[in-house]
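Positions are given from 1, in the same order as the sequence printed here. Remember, predicted model here, so these are calculated numbers, not experimental data.
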Amino acid sequence: MQREQLEARLDRIEKGLDRMGEAVTLLARIDERMLSHMDQSRRMAERQEKFEGRVQSLEISRGKFLGMVGMLSFGTSAIAALLVDKFK
């Protein structure tokens with residue numbers, strides 16, 4: 001009878017060790033996924049910073065362009081006014 005009890009106890013211990021091994025494997029997979037997501041998040045943040053820099057550069061270029069268009073418009077208007085006065 002004692003041998004049967006020992007075998008039953010060893011079976012329970014073995015099952016417990018198997019469950020613990022499965023849990024450790026699951027934790028390793030979860031850790032790997034978390035690292036992958038953290039790396040992906042870091043890369044996305046880097047890309048976003050690059051895009052923000054590009055947007056700022058485009059905004060500056062747009063401002064300069066609009067300023068030049070405004071000056072050209074004013075210059076063209078002034079020349080047109082002079083020509084109209086000259087040919088009256």
Side-chain angles (χ1 to χ4, degrees):
M1 180 90 168
Q2 193 175 9
R3 181 179 175 104
E4 290 174 7
Q5 289 175 342
L6 286 175
E7 286 181 14
R9 185 171 184 209
L10 287 174
D11 284 342
R12 286 193 310 271
I13 292 171
E14 187 177 334
K15 287 179 184 177
L17 288 173
D18 287 344
R19 286 193 305 249
M20 285 178 61
E22 291 171 3
V24 168
T25 302
L26 182 61
L27 286 173
R29 288 180 183 163
I30 290 171
D31 184 51
E32 187 176 319
R33 287 181 189 163
M34 286 178 62
L35 290 174
S36 175
H37 287 293
M38 288 170 56
D39 184 50
Q40 183 180 12
S41 177
R42 179 190 52 78
R43 283 185 279 128
M44 288 178 71
E46 289 173 357
R47 289 181 63 198
Q48 183 177 358
E49 287 178 14
K50 288 180 185 177
F51 283 132
E52 287 174 356
R54 291 176 64 189
V55 167
Q56 287 176 350
S57 175
L58 287 171
E59 287 173 342
I60 291 169
S61 297
R62 180 180 177 269
K64 290 178 181 177
F65 176 75
L66 290 177
M68 289 184 352
V69 167
M71 288 191 311
L72 287 173
S73 174
F74 178 75
T76 305
S77 297
I79 292 172
L82 289 174
L83 289 175
V84 167
D85 282 343
K86 186 172 185 172
F87 290 110
K88 269 189 176 180

Practice prompt. Take L27 and D31 through the test side chain to side chain contact (heavy atoms under 4.5 Å, CB included) and record every step on the way to the result.
Written response: CA-CA 6 Å; L27 286 173; D31 184 51; over 6 Å; no

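Residue M44 forms a side-chain contact (heavy atoms from CB on, under 4.5 Å) with just one option from R47, Q40, Q48, and that option is Q40.
The CE atom of M38 sits 7.0 Å away from the CE atom of M34 when rounded to the nearest 0.5 Å. Atom-to-atom distance recorded for R29:CZ and R33:CZ is 7.5 Å, nearest 0.5 angstrom. To the nearest 0.5 Å, the span separating CG on L72 from CZ on F65 amounts to 9.0 Å. One distance of note links CD of E32 with CD1 of I30; it measures 11.5 Å at 0.5 Å rounding.
D39 pairs by the salt bridge (charged side-chain N to carboxylate O under 4.0 Å, His left out) definition with R42, R43, not counting sequence neighbours. Taking R3 as the reference, E7 meet the salt bridge (charged side-chain N to carboxylate O under 4.0 Å, His left out) condition, with sequence neighbours excluded.
When atom types are taken as modelled, the side chain of T25 and the backbone of G21 share a donor-acceptor pair closer than 3.5 angstrom. At distances below 3.5 Å, not a single donor-acceptor pair connects side-chain atoms of S73 with backbone N or O atoms of V69.
Counting heavy atoms from C-beta on, the side chains of E59 and R62 never come closer than 4.5 Å. Counting heavy atoms from C-beta outward, L10 and E14 have side chains that stay 4.5 Å or more apart.
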